[in-house]
Amino acid sequence: MPERTVPRRDVGLRAELSELVAMLRAYVAQETLGPLRGLGRYLFFGLAGAIAISVSIVLAALALMRVLQTETTVFGANWSFVPHLAAAALLIVAIVLLARSIKPSRGTYDAGGPAGSETDDHGEGDGG
């Protein structure tokens with residue numbers, strides 16, 4: 001009985017399939033791992049900055065309170081609570097300013113609109 005060999009067409013198909021799988025794996029790694037690394041870096045620097053700003057604001061409020069307590073003679077006896085209120089007011093002002101500085105990011109892509117309906121930063125269309 002003669003030995004059956006795999007036709008040449010099947011060998012080429014298997015090679016193409018293995019190449020397709022390798023290409024898909026590389027594509028998935030490129031489109032997921034790369035952006036995830038960038039997102040991790042973005043989150044790291046964002047959290048580090050937030051912690052640094054928070055600590056510096058608290059230390060500034062503490063410094064203000066200590067300066068008012070030690071360097072002034074006005075806040076003695078019955079007025080000893082005023083440096084604490086001044087520090088609290090500084091913290092409240094910082095919180096309000098930081099909260100007002102948070103702005104939602106505006107993308108230029110409108111998923112619900114027709115193609116070519118991108119808007120600029122002011123919400124106005126591209127004029128056409």
Side-chain angles (χ1 to χ4, degrees):
M1 188 179 259
E3 187 176 315
R4 289 185 72 179
T5 59
V6 178
R8 187 156 177 74
R9 188 176 55 181
D10 288 345
V11 172
L13 183 62
R14 285 185 184 176
E16 286 183 21
L17 282 176
S18 66
E19 181 182 345
L20 175 65
V21 168
M23 189 182 335
L24 283 173
R25 284 184 181 166
Y27 173 76
V28 168
Q30 171 188 343
E31 295 298 320
T32 58
L33 297 179
L36 285 177
R37 286 187 188 119
L39 178 64
R41 199 171 16 256
Y42 179 79
L43 286 175
F44 171 75
F45 285 117
L47 286 174
I51 290 170
I53 288 173
S54 300
V55 168
S56 65
I57 290 172
V58 168
L59 290 176
L62 184 62
L64 173 69
M65 184 181 68
R66 293 302 295 162
V67 163
L68 289 176
Q69 285 177 339
T70 59
E71 299 299 323
T72 60
T73 58
V74 178
F75 304 119
N78 292 337
W79 290 94
S80 63
F81 64 93
V82 174
H84 298 281
L85 287 180
L90 175 69
L91 290 175
I92 290 171
V93 167
I95 289 170
V96 168
L97 289 176
L98 289 174
R100 290 187 70 199
S101 71
I102 298 173
K103 296 180 182 134
S105 62
R106 296 186 206 172
T108 58
Y109 176 73
D110 182 16
S117 66
E118 290 86 13
T119 59
D120 59 10
D121 286 344
H122 303 291
E124 300 170 2
D126 55 4

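The environment of OH in Y27 is sparse: at most 12 heavy-atom neighbours from other residues, nucleotides or ligands sit within 6.0 Å. A 6.0 Å sphere centred on CD of E19 holds no more than 12 heavy atoms belonging to other residues, nucleotides or ligands.
Under the 4.5 Å side-chain contact rule for hydrophobic residues, L91 and L98 share a cluster. Residues F81 and L62 fall into different hydrophobic clusters, defined by Ile, Leu, Val, Met, Phe, Trp and Tyr side chains chained together at heavy-atom separations under 4.5 Å. If you chain together hydrophobic residues whose side chains sit under 4.5 Å apart, I92 and L97 never meet in one group.
Of the inter-residue distances, the one linking I51 atom CD1 with L47 atom CG reads 6.0 Å to the nearest 0.5 angstrom. Atom CD of Q30 and atom CE of M23 lie 12.0 Å apart (nearest 0.5 Å). With values rounded to the nearest 0.5 angstrom, H84 atom NE2 is found 11.5 Å from L64 atom CG. T32 contributes atom OG1, which lies 9.0 Å from atom CZ of R37 (distance to the nearest 0.5 angstrom). In this structure, the separation between CG on L20 and CG on L24 is 4.5 Å, given to the nearest 0.5 Å. With values rounded to the nearest 0.5 angstrom, M65 atom CE is found 10.0 Å from T70 atom OG1.
A50 approaches S54 most closely through the heavy-atom pair O-OG, 2.8 Å. Shortest non-hydrogen contact noted between A61 and A87 is O-CB, 3.5 Å. Smallest separation of non-hydrogen atoms from F75 and W79: CB-O, 3.6 Å.
Residues V74 and V82 form no side-chain contact, since every pair of their non-hydrogen atoms from C-beta on lies 4.5 Å or further apart.
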